[in-house]
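Single-structure report; data block below.
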Amino acid sequence: MSPAPVIIAIDGRSGAGKTTLAVELAALLRAHHKVSLFHLEDIYPGWDGLAAGVERYVSTVLTPLSRGEAATWTSWDWANHYDGDARVTLPAEIVIVEGVGAASEPARPFLNAVIWAEAPDDVRRTRALDRDGDTYRPFWDQWAAQEEEWLGRDNVPGRADLRVNNRADGSAPADLLRLLPYLPALAPVLAPELSARRGLRLHAERLDLAPDAPALFESLYGRSPNAVWLDSSNHRDAPAAPGQPASGPQASGPQASGPQDRTAAERSRFSIMADDAGTFGQYVTHRAGVGFISAGSSVAKVPGPFFRWLNTVWGRRAVRTPEGYPGEFTLGWLGCLGYELKRETGGSDLSAPTPDAALIFAGRAVVLDHAEGTAWLLALAAPDADEWLDRSRAAVQAAASAATTPAGPAGAVGTGAVGAGDAGGSTGVGRPGPPVFRSRDTGARYRAKIAAAQHEIAQGNTYEVCLTTTLEARIPAETLDPWATYLALRRRSPAPFASYLRLGGLSVASTSPERFLKIAADGGMRAEPIKGTRRRAADPQEDSQLRADLATSVKDRAENIMIVDLLRNDLSHFAVPGSVTVSRLCAIESYATVHQMVSTIDARLLPGAARAEAVAACFPAGSMTGAPKISTMAILDRLEARPRGFYSGAIGYFSLNSATDLAVAIRTLVIDASGDGAADLTLGVGGAITSDSDPDDEYDEIRTKAFGVLSTLGSDFPED
């Protein structure tokens with residue numbers, strides 16, 4: 001008796017290309033494994049024998065194979081319409097069974113993975129009749145009726161681990177092989193395929209050009225359904241590196257010029273842009289404990305916690321950082337994590353309209369080094385890499401020329417209300433009015449929640465509550481262009497962690513100034529919480545007074561220091577003992593619309609520690625929960641009574657060299673145009689509540705934080 005094999009079923013209606021798919025997938029798997037194939041068409045007892053064939057298949061094929069025994073079964077003689085020869089299918093490390101009913105309900109207890117192949121009805125009929133010709137033609141409708149009856153009572157597509165749109169262009173087997181190792185039941189046997197991910201070769205090419213970033217993104221990714229731009233949009237205003245002239249946002253405080261101070265200059269050096277196209281491209285969304293991972297024609301459904309999945313795909317060094325390349329990002333996963341992932345880190349289980357996580361895997365990307373005025377093209381070795389490099393090189397050169405043109409693409413959109421109507425719209429009608437937002441909380445209700453939070457503090461249940469609310473608007477989708485909106489936002493409110501994400505029907509336009517967590521490839525860890533905000537003023541003297549007021553505010557310093565203590569604790573779970581330090585405390589940084597109080601906490605990751613777990617230990621950002629984190633999140637669930645979605649989550653990357661850099665998703669507009677011709681706009685705002693918070697001041701603070709986005713849209717803060 002052999003060890004029990006791994007059994008993979010490929011099911012689907014007739015003509016979906018299951019047989020060819022099974023043969024080609026088996027050929028790929030045979031590079032590392034012994035594989036057996038079984039075709040259900042050999043066992044069906046006639047043209048009305050779907051149900052009987054499934055019964056035979058389960059009892060005489062699956063049952064012995066699942067025990068590691070040879071399966072002896074009776075074939076069907078299609079020419080004579082009677083039982084044929086006895087045949088034997090031997091067990092192997094992997095057995096692939098394919099055919100209509102291969103994953104039917106009686107079979108599923110024996111299966112390790114189910115693949116559902118699908119194709120349009122007209123394509124299926126053509127394929128089936130081309131293959132079997134006149135033999136099948138008279139029985140097509142009879143067999144199809146059996147399929148419909150079976151699927152009417154057995155939802156195999158809904159139970160499938162993977163679904164593949166089998167276009168018969170040769171791509172499906174390779175797409176499936178990229179996703180199969182994600183399935184927990186297959187990961188052990190597919191260890192060689194997993195190891196291959198860690199033997200990737202990275203090409204890096206430096207171009208001594210400084211392209212216009214919006215023009216470059218539009219050129220390369222303007223038509224990509226899924227694309228990410230991590231945009232250090234304030235790089236022109238960031239302080240220079242030590243020894244060079246500084247301008248724009250300033251850092252101050254007793255440690256602001258110390259040797260470990262790498263503030264806006266360090267945060268604003270690199271911009272990254274990529275999509276999920278090409279040989280290695282993938283896209284994952286996670287909702288309430290289930291991940292959906294797309295690769296080309298295929299989608300895998302992977303149950304289990306997000307951070308557990310992340311630990312399987314990130315955290316181990318898969319590529320070497322190229323010589324001379326100054327960045328930490330060496331391709332990998334980019335996107336956003338939603339606040340409701342807190343269910344995995346001690347928070348309660350709430351569902352949001354948006355995914356709990358949405359990430360693309362980029363096997364190629366462009367990285368702009370703003371400090372050196374260069375562009376880097378990064379690509380994993382693949383058959384399509386050279387073509388992409390040629391195209392991207394030309395795009396960088398064209399965008400560099402655009403950068404020298406005074407009225408180039410970056411100036412194409414005004415800084416007022418933005419939308420498709422800015423250019424007259426498709427009908428030439430004038431621009432519609434700006435979005436009208438409503439708030440989940442009136443001013444009176446928000447102030448009442450502040451009082452409730454202070455009651456929790458007085459009761460000793462928490463020290464600080466980061467209370468939030470959400471501004472919402474629903475508009476016709478065609479009246480607002482997410483890309484134009486982001487361009488206007490980045491000009492009005494440049495920030496070191498600005499970002500633009502296009503994820504199917506979802507768009508995220510963020511001008512976040514706050515780093516959540518950075519883990520460098522060498523294990524250095526850094527968190528930079530922001531607590532304390534003042535508006536900017538046009539009058540320089542008033543602006544200076546506002547900045548000084550923030551710097552000397554006892555309340556704001558107390559808020560900031562509480563979060564610093566919280567983050568010191570979060571980092572310590574996976575830090576080398578004694579390595580957690582506060583290198584900057586309550587420094588003031590100034591941005592286009594606000595002054596902010598910022599601190600910096602550094603640590604050293606324990607050698608061998610799981611990096612995904614280190615991220616989870618800090619998630620969500622303490623600056624967006626309050627302290628202590630877990631009990632305060634429960635208080636926030638009661639007070640806010642609604643999910644936050646992407647707001648308060650994180651935006652950034654998980655790199656193949658095991659580095660990550662994540663921003664807190666604040667100052668972030670989410671545009672959901674995924675259905676019915678409308679777009680839902682959401683903007684989260686909030687502030688830290690302490691025992692001495694003044695409700696009127698706190699309400700003014702959320703208005704200040706919303707100003708950058710609302711003013712760009714031409715919208716007003718909702719009236720009570």
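Without hydrogens or angle criteria, S294 side chain to Q282 main chain gives no donor-acceptor distance under 3.5 Å. No donor-acceptor pair under 3.5 Å is formed between the side chain of R67 and the backbone N or O of P3. Between the side chain of R611 and the backbone N or O of T660 there is no donor-acceptor pair closer than 3.5 Å. A distance-only check finds no donor-acceptor pair linking the side chain of R317 to the backbone of A659 [under 3.5 Å]. Under the 3.5 Å distance criterion, the side-chain polar atoms of N657 are left unmatched by any main-chain donor or acceptor of T330. Between the side chain of S75 and the main chain of D85, a donor-acceptor pair closer than 3.5 Å is present. Of the possible donor and acceptor atoms, none in the side chain of N112 sits under 3.5 Å from a partner among the backbone N and O of A185. Side chain of T312 to main chain of W309: a donor-acceptor pair is present (N/O by atom type, distance under 3.5 Å, no hydrogens or angles). With hydrogens and angles ignored, the 3.5 Å screen pairs a side-chain donor or acceptor of Y57 with a backbone N or O of A102.
Residues V95 and V35 fail the side-chain proximity criterion, which asks for heavy atoms closer than 4.5 Å. Between I10 and W116, the closest side-chain pair of non-hydrogen atoms is not below 4.5 Å. Considering only heavy atoms from C-beta on, L62 stays 4.5 Å or farther from F38 through its side chain. Between I272 and L334, some side-chain heavy-atom pair lies under the 4.5 Å cut-off. Annotation: side chain of I293 is not in contact with side chain of V299 (no heavy-atom distance under 4.5 Å). Between L21 and L176, the closest side-chain pair of non-hydrogen atoms falls below 4.5 Å. A heavy-atom distance below 4.5 Å is found between the side chains of T345 and P620. At a threshold of 4.5 Å between non-hydrogen side-chain atoms, the residues F574 and C618 do not count as touching.
We find the CD1-CG distance between I94 and L190 to be 5.5 Å, quoted to the nearest 0.5 Å. Within the model, atoms OH of Y339 and CZ of F619 stand 9.0 Å from one another, a figure rounded to the nearest 0.5 Å. Remark: L656 CG to L331 CG distance equals 6.0 Å, nearest 0.5 Å. Once rounded to the nearest 0.5 Å, the distance linking OG of S648 with CE of M633 reads 11.5 Å.
Not a single side chain to side chain donor-acceptor pair (under 3.5 Å) links S507 to another residue, sequence neighbours left out. In terms of the salt bridge (Lys or Arg N to Asp or Glu O under 4.0 Å) criterion, E147 has no residue partners (sequence neighbours excluded). Listed by chain and residue number, nothing satisfies the salt bridge (Lys or Arg N to Asp or Glu O under 4.0 Å) test with D672 (two or more places apart in sequence, or in another chain). For R201, there are no salt bridge (Lys or Arg N to Asp or Glu O under 4.0 Å) partners, not counting sequence neighbours. Shown here are the side-chain contact (heavy atoms from CB on, under 4.5 Å) partners of A70, two or more places apart in sequence or in another chain: V88, L90, P91.
Residue pairs meeting the ring pair (Phe, Tyr, Trp, His ring centres under 6.0 Å) criterion with at least one partner in residues 81-114, sequence neighbours excluded, are absent. Applying the salt bridge (charged side-chain N to carboxylate O under 4.0 Å, His left out) test to pairs two or more places apart or on separate chains, those with a residue in residues 343-358 are R343-D349, R343-D356. Within the structure, salt bridge (charged side-chain N to carboxylate O under 4.0 Å, His left out) pairs that include any residue of residues 7-20 comprise R13-E148 (at least two apart or interchain). Under the salt bridge (charged side-chain N to carboxylate O under 4.0 Å, His left out) criterion, the residue pairs touching residues 47-66 are R56-D83, with sequence neighbours excluded. Listed by first then second residue, pairs satisfying salt bridge (charged side-chain N to carboxylate O under 4.0 Å, His left out) with a partner in residues 275-298 number zero, not counting sequence neighbours.
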For this session: Run the numbers on T19 and E98 for side chain to side chain donor-acceptor pair (under 3.5 Å), then give the verdict.
Result: CA-CA 7 Å; T19 301; E98 69 82 18; 3.0 Å; yes
Problem set entry | Intermediate values then yes/no, side chain to side chain contact (heavy atoms under 4.5 Å, CB included), V97 and I8 | CA-CA 6 Å; V97 294; I8 301 172; over 6 Å; no
Exercise. For V508 and F646, what are the C-alpha separation, side-chain angles and deciding distance, and is it a side chain to side chain contact (heavy atoms under 4.5 Å, CB included)?
Worked result: CA-CA 9 Å; V508 180; F646 288 143; 3.9 Å; yes
For this session: Applying side chain to side chain contact (heavy atoms under 4.5 Å, CB included), run through E193 and H33 and close with a yes or a no.
Result: CA-CA 10 Å; E193 285 75 12; H33 311 277; 3.1 Å; yes
For this session: Evaluate the criterion side chain to side chain contact (heavy atoms under 4.5 Å, CB included) for residue pair L180 and L25; output intermediate values, then yes/no.
Result: CA-CA 11 Å; L180 282 169; L25 179 60; 4.2 Å; yes
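A centroid separation of 6.0 Å or more is found between the aromatic rings of W333 and F654. Aromatic ring centroids of Y44 and W143 lie under 6.0 Å apart.
Considering all non-hydrogen atoms of both residues, Y182 and R178 come closest at CE1-O, 3.7 Å. Across all non-hydrogen atoms, the minimal contact from L230 to S499 is CD2-CB, 4.0 Å. Contact record, P355 with T285: CB-CB, 4.3 Å, taken as the closest heavy-atom pair. Considering all non-hydrogen atoms of both residues, F280 and A382 come closest at CE1-CB, 3.7 Å. Nearest heavy-atom pair, I43 versus T60, reported as atom, atom and distance to 0.1 Å: CD1-OG1, 3.8 Å. Taking both residues in full, the closest heavy atoms of A352 and G645 are given as CB-CA, 4.0 Å, listed atom of the first, atom of the second, then distance.
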Identify all side-chain donor-acceptor contacts of residues 358-367 below 3.5 Å with residues at least two apart in sequence or on another chain.
{"from": "R364", "atom 1": "NH1", "to": "D384", "atom 2": "OD2", "distance (Å)": "3.4"}

Identify every side-chain donor-acceptor pair in residues 155-163 under 3.5 Å, counting partners at least two apart or on other chains, and give the distances.
{"from": "N155", "atom 1": "OD1", "to": "G158", "atom 2": "N", "distance (Å)": "3.1"}
{"from": "D161", "atom 1": "OD2", "to": "V114", "atom 2": "N", "distance (Å)": "2.8"}
{"from": "R163", "atom 1": "NH2", "to": "E118", "atom 2": "OE1", "distance (Å)": "2.9"}

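Of the charged side-chain nitrogens involved, at least one lies within less than 4.0 Å of a carboxylate oxygen, so that D637 and K342 count as a salt-bridged pair.
Within 6.0 Å of CD in E105 there are 12 or fewer heavy atoms belonging to other residues, nucleotides or ligands. Atom CZ of R391 has more than 12 heavy atoms from other residues, nucleotides or ligands within 6.0 Å.
S297 and D175 are linked by a side-chain donor-acceptor pair at a separation below 3.5 angstrom, with hydrogens and angles left out of the test. Donor-acceptor pairing under 3.5 Å is lacking for the side chains of S36 and T89. Between the side chains of E205 and Y325, no donor-acceptor pair of N or O atoms lies under 3.5 Å. Neither side chain, H32 nor E93, offers a donor N or O lying under 3.5 Å from an acceptor on the other.
Between W78 and W76, the ring planes lie perpendicular to each other; the angle is over 60°, past the 30° to 60° tilted range.
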